[in-house]
Enquirer: 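Pasting a structure here, questions to come.
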Amino acid sequence: MKVIHVESGRHLYGGALQVKFLLDGLRALAGEHVLVCPRSSEIARVCEGVGHQVRAIPMSGEIDLRMLTRLRGVLKSERADLVHAHSRRGADIWSGLAARTLGVPAVVTRRVDNPEQAWVVRAKYGLYRRVITISQGILDVLASEGVPRAKLRCVPSAVDTDRYRPGGNRDWLRQEFGLADAAPIIGMIAQLIPRKGHRVLIEAIPDVLTRYPRCRFLLFGKGAEERALRQLVEATGLGKHVIFTGFRDDLDRLIPALDLVVHPAFMEGLGVSLLQAAASAVPIVATRVGGIPEIVRHEDNGLLVEPGDVSGLAKAIACVLAQPQLAEKMGRRGREIAVTDFSIDAMVTANYRVYRETLEEFP
């Protein structure tokens, strides 16, 4: 069995990191695996560095019509038995078309829960023998849009529970961001884009500060909304309490040192940062959307509120901060959930099962 994996992400986080986990784990199972990814990308460099077969090609998204020709060339030269498309930005469309025109079975992973137009659903997912979703929430969205449930398989994303684990250094964290008098410290780890809900958190902060005036909020990530969010923070007089950290590649050191992770998203396929927080034994306050409830179990390892509920978010944050013993208990449960339900081994085995099933049904 020779599987061609197509990932169009250039950086090694989110879905691309999951692909790296998968390729690493598949080494222990029968078969050959080749990664197709963008030239000069971080995932290409890292995967080549650990010995994975990599075919780096130009990738420019959905409008890159030549991507179809390039992918067909790779599938032919590699004599592919199966194609696994892992991302959007053209990979999900052109990979399916390349495989279909060459008669090669293909599967695709869907990582987001935003709805698509009916004609897009029919055209795109009709190209694939199986559609893998990273959460039951995404699976339900696709089923409601007309993708046959017999074609859908749920394989949750994984977290490296050896890298993300309890025991952060809070003194180092305070020194790193100049927070000598800060207590507690709350983090949000997400791209600075509208659907992640940063504005809701910023609007909730004044209520939290009435009870915890020394509280600080660290916003990890970059994105198109950064300028607008900075302006909102300054306009509301929260500059002392909110720190934009930018992109950090040491989250495994940062997250375990936080008192709480908050994620007020309006849409979320699953939430890798929530898996990292859970594995780090940090309690979580998040919204009841998409696949989040599959990670954050209400009143177990965190609290869930409705999306856009500023008052509810502030109350949930204050509830966790007011009860240190509850917060510690939630953190322990989060670690248990991450280790039991979201291990890399489980993710690799489940994907491999889909490959075998697809090839047996569509030889």
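Predicted model, so just to flag it, every value in this text is computed and none were measured.
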Enquirer: I need the minimum non-hydrogen distance between Val296 and Gly302, along with the two atoms involved.
Expert: CG1-CA, 4.1 Å

Enquirer: Return the CE to OG distance between Met347 and Ser157, rounded to the nearest 0.5 Å.
Expert: 7.0 Å

Enquirer: For the backbone of Arg230 and the side chain of Glu234, can you confirm whether one donor and one acceptor N or O come within less than 3.5 Å of each other?
Expert: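 No: the side chain of Glu234 does not pair with the backbone of Arg230.
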
Enquirer: Taking only residues two or more places apart in sequence, or in another chain, which ones meet Arg297 in a side-chain contact (heavy atoms from CB on, under 4.5 Å)?
Expert: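 Arg297 satisfies side-chain contact (heavy atoms from CB on, under 4.5 Å) with Asp300, Asn301, Ile337, Asp341, Phe342 once adjacent residues are dropped.
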
Enquirer: Look up atom CG in Leu142 and atom OG1 in Thr133, then write down how far apart they are to the nearest 0.5 Å.
Expert: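 It comes to 7.0 Å.
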
Enquirer: For Arg163, does its backbone N or O pair with a side-chain atom of Asp160 as donor and acceptor, under 3.5 Å?
Expert: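 Looks like yes, one N/O pair under 3.5 Å.
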
Enquirer: Quick one: closest heavy-atom pair of Gly269 and Ile134, and the distance?
Expert: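 Scanning both residues completely, I find the closest heavy atoms to be C-CD1, 4.4 Å.
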
Enquirer: Can you see whether Gln53 engages Glu78 through a side-chain donor-acceptor pair at a distance of less than 3.5 angstrom?
Expert: no

Enquirer: Taking the side chain as every heavy atom from C-beta outward, state whether Asp259 and Arg170 have any pair of such atoms under 4.5 Å apart.
Expert: yes

Enquirer: Rounded to the nearest 0.5 Å, how far apart are CG of Leu209 and SG of Cys215?
Expert: 6.5 Å

Enquirer: Any heavy-atom pair between the side chains of His52 and Arg27 that's under 4.5 Å?
Expert: yes

Enquirer: Does a side-chain heavy-atom distance below 4.5 Å link Gln18 with Val272?
Expert: yes

Enquirer: Flag the pair His298 / Arg288 as yes when at least one side-chain heavy-atom distance between them is below 4.5 Å, and no otherwise.
Expert: yes

Enquirer: Do Ile189 and Arg248 touch side chain to side chain, with heavy atoms closer than 4.5 Å?
Expert: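 A side-chain contact under 4.5 Å is absent here.
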
Enquirer: Looking only at atom types and distance, does a side-chain atom of Lys151 sit under 3.5 Å from a main-chain N or O of Tyr128, one as donor and one as acceptor?
Expert: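 Yes.
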
Enquirer: Does the Arg70 side chain pair with the main chain of Pro58, one donor and one acceptor, at a distance under 3.5 Å?
Expert: yes

Enquirer: Just verifying a value: how many Å separate Thr358 OG1 and Ile132 CD1, rounded to the nearest 0.5 Å?
Expert: 7.0 Å

Enquirer: Would you confirm whether Thr287, through its side chain, and Ala265, through its main-chain N or O, come within 3.5 Å as a donor-acceptor pair?
Expert: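 Checked: pair present.
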
Enquirer: Are the side chain of Arg100 and the backbone of Gly126 linked by a donor-acceptor contact shorter than 3.5 Å?
Expert: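 The answer is yes, because a donor-acceptor pair under 3.5 Å joins these two groups.
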
Enquirer: Treating Ile, Leu, Val, Met, Phe, Trp and Tyr as nodes and any side-chain heavy-atom pair under 4.5 angstrom as an edge, say whether Leu12 and Val159 lie in one connected cluster.
Expert: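 No, Leu12 does not connect to Val159 through the hydrophobic network.
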
Enquirer: Which residue in the set Leu260, Ile243, Val208, Ile202 passes side chain to side chain contact (heavy atoms under 4.5 Å, CB included) when paired with Phe217?
Expert: Val208

Enquirer: Is it true that Lys196 and Glu225 have a side-chain N and a carboxylate O under 4.0 angstrom from each other?
Expert: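 Result for this pair is no, no salt bridge flagged.
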
Enquirer: Is any side-chain heavy atom of Met267 closer than 4.5 Å to one of Val289?
Expert: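 When only atoms from C-beta onward are counted, Met267 and Val289 do not touch, as no gap falls below 4.5 Å.
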
Enquirer: To the nearest 0.5 Å, tell me how far Ser273 OG sits from Ile255 CD1.
Expert: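 So the gap between those two atoms works out to 6.5 Å.
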
Enquirer: Parallel, tilted or perpendicular: which one describes the rings of Tyr355 and Tyr352, with boundaries at 30° and 60°?
Expert: perpendicular

Enquirer: For Phe266 and Pro307, which heavy atoms make the closest approach, and how far apart are they?
Expert: CD2-CB, 4.0 Å

Enquirer: Tell me if a side-chain donor or acceptor on Thr210 pairs with a main-chain N or O of Asp207 at a distance below 3.5 Å.
Expert: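 Indeed, once roles are kept as given, a pair shorter than 3.5 Å links the two residues.
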
Enquirer: Determine the interplanar angle of the Phe220 and Phe177 rings, folded into 0 to 90°, and report it as parallel if under 30°, tilted if 30 to 60°, perpendicular if over 60°.
Expert: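 Rings of Phe220 and Phe177: perpendicular, as their planes differ by over 60°.
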
Enquirer: Decide side chain to side chain contact (heavy atoms under 4.5 Å, CB included) for Leu26 and Val348; before the verdict, give the C-alpha distance in whole Å, the side-chain angles of both, and the deciding distance to 0.1 Å.
Expert: CA-CA 7 Å; Leu26 287 169; Val348 171; 4.0 Å; yes

Enquirer: I'd like to know if the side chain of Glu268 pairs up with that of His263 as donor and acceptor (distance under 3.5 Å, no hydrogens or angles considered).
Expert: yes

Enquirer: Quick one: does any side-chain atom of Arg332 pair with a main-chain N or O of Gly334 as donor and acceptor, under 3.5 Å?
Expert: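 Between the backbone of Gly334 and the side chain of Arg332 there is no qualifying donor-acceptor contact (under 3.5 Å).
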
Enquirer: Give the intermediate values and the outcome of salt bridge (charged side-chain N to carboxylate O under 4.0 Å, His left out) for residues Glu357 and Arg130.
Expert: CA-CA 9 Å; Glu357 174 188 288; Arg130 292 286 183 270; 2.5 Å; yes

Enquirer: Nearest 0.5 Å, what's the CG-CG distance between Leu68 and Leu97?
Expert: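 CG of Leu97 is found 6.0 Å from CG of Leu68.
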
Enquirer: Are any side-chain N or O atoms of Asp81 and backbone N or O atoms of Lys2, one a donor and one an acceptor, separated by less than 3.5 Å?
Expert: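 Side chain of Asp81 to backbone of Lys2: a pair is present.
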
Enquirer: Quick check: closest heavy atoms across Leu201 and Pro264, and the distance to 0.1 Å?
Expert: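 So the two residues come closest at CB-CG, 4.1 Å.
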
Enquirer: Spell out, as yes or no, whether a donor-acceptor pair under 3.5 Å connects the side chain of Tyr212 to the backbone of Ala322.
Expert: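 Yes, because the side chain of Tyr212 sits within donor-acceptor range (under 3.5 Å) of the backbone of Ala322.
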
Enquirer: Hey, is CZ on Arg88 packed in by over 12 heavy atoms from elsewhere, all under 6.0 Å?
Expert: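 No, because the 6.0 Å sphere around CZ of Arg88 holds 12 heavy atoms or fewer from other groups.
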
Enquirer: Quick one: are Leu321 and Arg211 in side-chain contact, heavy atoms under 4.5 Å?
Expert: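 No, too far: nothing below the 4.5 Å cut-off.
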
Enquirer: Verify the cluster assignment for Met330 and Leu313: are they in a single hydrophobic cluster under the rule of side-chain heavy atoms below 4.5 Å apart?
Expert: yes

Enquirer: Quick check: closest heavy atoms across Gly9 and Pro38, and the distance to 0.1 Å?
Expert: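 Taking every non-hydrogen atom into account, O-CD, 3.8 Å.
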
Enquirer: Within a 6.0 Å radius of atom CZ on Arg149, are there more than 12 heavy atoms belonging to other residues, nucleotides or ligands?
Expert: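 Atom CZ in Arg149 is packed in, count exceeds 12.
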
Enquirer: May I ask you to check whether Gln136 and Asp140 show a side-chain donor-acceptor distance below 3.5 Å?
Expert: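 Asp140 and Gln136 do have a side-chain donor-acceptor pair below 3.5 Å.
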
Enquirer: I want to check something: taking the side chain as every heavy atom from C-beta on, are Ser77 and Arg55 in contact at a cut-off of under 4.5 Å?
Expert: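 The answer is yes, as the side chains (C-beta and beyond) meet within the 4.5 Å cut-off.
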
Enquirer: Between Arg66 and Asp64, does a salt bridge (charged side-chain N to carboxylate O under 4.0 Å, His left out) hold up when you go through it step by step?
Expert: CA-CA 5 Å; Arg66 294 184 179 181; Asp64 186 1; over 6 Å; no

Enquirer: Are any of the side-chain nitrogens in Arg110 or Glu116 under 4.0 Å away from the carboxylate oxygens of its partner?
Expert: yes

Enquirer: On a heavy-atom basis, which atom in Ser8 and which in Arg89 lie closest, and how many Å separate them?
Expert: OG-CB, 3.6 Å

